[in-house]
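Convention: sequence-line order gives letters A, B, ...; per-chain numbering from 1. Values below: every heavy atom of this structure, side chains too, minus hydrogens, waters and symmetry copies.
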Amino acid sequence: MKFLRWSVLIVYTLLATLPLLWMAVTSIKGREDTISQHARFIPTADASTDAQRHTFVPTTASFAALAEVHSGARHNFWSYLTNSVVIGALSTVASVLLGTLCAYGFSRFPVPGAKDWLFFVLSTRFMPPLAVVMPVLMMYRQLGLTGTQTGLVLLYTVFNLSLSIWLMKGFIDEIPRAYEEAAQIDGYSRWDAFIKIIVPKARTGMAVTAVFCLISAWNEYGFAMTLNSSGAITVPAYFAGLQGNIDGMPWPQVAAGGLLFVAPIVAFTILVRRHLLRGMTFGTIKQ
Amino acid sequence: MSHVDLCGLSKRYPDGNLAVDGIDLSIAAGEFVVLLGPSGCGKTTTLRMIAGLELPTGGSISIAGREVTALGPRERDVGFVFQFYALYPHFTVAQNIAFPLECVGTAASERDARVQHVAQRLGLLPLLRHRPRQLSGGDQQRVALARAMVRKPAVYLMDEPLGTLDGARRLEMCEFLREQQLAHGITTVYVTHDQEEAMRLADRVVVMAAGKILQAAAPLEVYDQPANRFVAHFVGSPGMNFIPGVMVGVDRFRPAGGAIEIFAQVRDVRECVLGIRPEFVRLSASGALPGRVVADEDLGASRALHVDTACGRVIARVGSGESGLRGASVRLDFDARGMRWFSASDGARLP
Ligand SMILES: Nc1ncnc2c1ncn2[C@@H]1O[C@H](COP(=O)(O)OP(=O)(O)O)[C@@H](O)[C@H]1O
Ligand SMILES: [Mg+2]
């Protein structure tokens, strides 16, 4: 039984990580090695000229090349990654904060027509977001928000807000009102009670919500491509834009950039996963 | 001087449920008042309205001479012990107890001293570093008490604070609360559905049913001079016996179904109900009412005999020595000192 479990896990892990491994291998190849007819995936020290070989000589040149401005692009990779980080982080923070406050309101106060409001909030996600790309583009042109970080931060915040409100409402509904009532009896204002009691209790929920918001903002491509073709491009749009370039796709650089692009999300998720596990097992495991 | 005043206080929940139905109650400074009643009679709702956690839909509340009906909980200076503790789960026991002091900006050294002091009195010293989840229900309840007691509010409000404690611990805590009350004289409104707790703790018991106050009086008076059948039955264990019947002549009461007559000083009614507590029902060879013992309940210091008679089931409280009477034929006598008379129509006690 144990053997079976482990073999299934190992096979699945290999399948799931193969693309990542391949990307890692690609990132340390030379460009020749990435476009040869025979897959070259065995790193060796000595160079051979045989075209049929499966070996390649590893190099970190692709990582160094990330600092260079690729032909056809306006900035180097790092500047696009900075855009992604700024836009992803700000929009995530904004949608989690707004979502938490909004969910608290829906959860604790008698909002007239609360059910309808919540349905409306959810209904904003019924339509594929890209269906509104043209109206948004025209609006942003008028407002001068195209090609700016602010534009995408606003857009991603709004898109993620409905998810954030619904997720956070679930988490906050689970927190008994008695905690806030106790805090108010103990002399705290509603706001103090929210900060000191609800926010710590809802931290797990906020972390989960943040992961979802960050991933969706981080990977968004359609709007980034359309609205920000003139500037403040995020990494997904940057990579896509390299296609059909005069020099062709710089595969090793794309792989290296891709690795660096995935890393923050993986790190963040692992960080939050620990927190999540702690939140969930806290009650059952006695220290 | 009255300290807490409830005037025509009502609460109708948005779903139309009238939980509290116009109650009037004046609580004196330093008084220990117990709200007693069956589950769902509106005790918690009343307490929450006094605390400001629930807004009344009618009537007014004043605390220490100040009208507080529209004020929030933090402006009322009350201590509240929740039925289900409501301890902050992410704080340690010590942090929980210190939380109310932190709010008013008590200096750290004094705060620690007071936490230590109250924790010591409640036997919580070994638990100060634990988190609420690691404690048993009884311990959590004591922490909740400690959190309320670390301050000296204008009034303590306690919602079944001993609900989860078992027998011995419960008595011990009752003693403790009583001592605290005597020592510090802080006005307390205490909610319970346990009449024994009420009797032990209260200066005054307020018996409630269906959102109304049925009687508010000293424990002995509630027991001895119940205002109506409900109070008579609810207070006392086992509750009072009721024997319906009619008046024949000026001062003779004839129970329905029984061929006996009892001397009664009841005026101006024909149908009425005799109420008599089990301790006033005697077994005696010359007793007027014959019956058969169908059950025999051990109450510790005494026994309760359930006797089937022509007037229905009657419970008699006898000495603990009188065991093994199940199935026996006995004769019962009613002690005139214990007879109370109630209206047959509305259950109110007849003068
Ligand atoms: N938040 C609420 N909304 C609607 N009805 C309620 C609410 N809280 C209590 N009730 C109802 O009000 C009545 C009194 O409740 P409660 O004050 O909790 O009684 P007790 O504390 O004496 O058991 C009950 O019928 C209960 O169902
Ligand atoms: Mg209750």
Should we count [atom1] of [X] as having more than 12 external heavy atoms under 6.0 Å?
X: A:Tyr12; atom1: OH; answer: no
X: B:Phe84; atom1: CZ; answer: no
X: B:Phe176; atom1: CZ; answer: yes
X: A:Phe3; atom1: CZ; answer: no
X: B:Tyr13; atom1: OH; answer: yes
X: B:Lys152; atom1: NZ; answer: yes

Nearest heavy atoms of [X] and [Y], plus distance in Å:
X: A:Ala182; Y: B:Arg147; result: CB-NH2, 3.6 Å
X: B:Leu53; Y: A:Glu181; result: CD2-CB, 3.6 Å
X: B:Arg74; Y: A:Ser189; result: NE-N, 3.5 Å

Where the side chain of B:Tyr88 meets the backbone of A:Lys196, is there a donor-acceptor pair that is under 3.5 Å apart?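 Not at all, since once roles are kept as given, no pair shorter than 3.5 Å links the two residues.
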Using 30° and 60° as the class boundaries, would you call the ring planes of B:Phe99 and A:Tyr188 parallel, tilted or perpendicular?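 Plane angle under 30°, so parallel.
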With rounding to the nearest 0.5 angstrom, report the CD1 to CZ distance, A:Ile185 to B:Arg48.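 Taking CD1 in A:Ile185 and CZ in B:Arg48, the distance rounds to 8.5 Å.
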Which bit of [X] comes within less than 4.5 Å of chain A, counting heavy atoms only: side chain, backbone, both or neither?
X: B:Glu102; answer: both
X: B:Phe82; answer: side chain
X: B:Arg76; answer: neither

In terms of heavy-atom proximity below 4.5 Å to chain B, should A:Lys201 be classed as side chain, backbone, both, or neither?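 For A:Lys201, the side chain is the part near chain B, not the backbone.
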Selection from B:Leu87, B:Val104, B:Val150 maximising heavy-atom pairs under 4.5 Å formed with chain A: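 The answer is B:Leu87.
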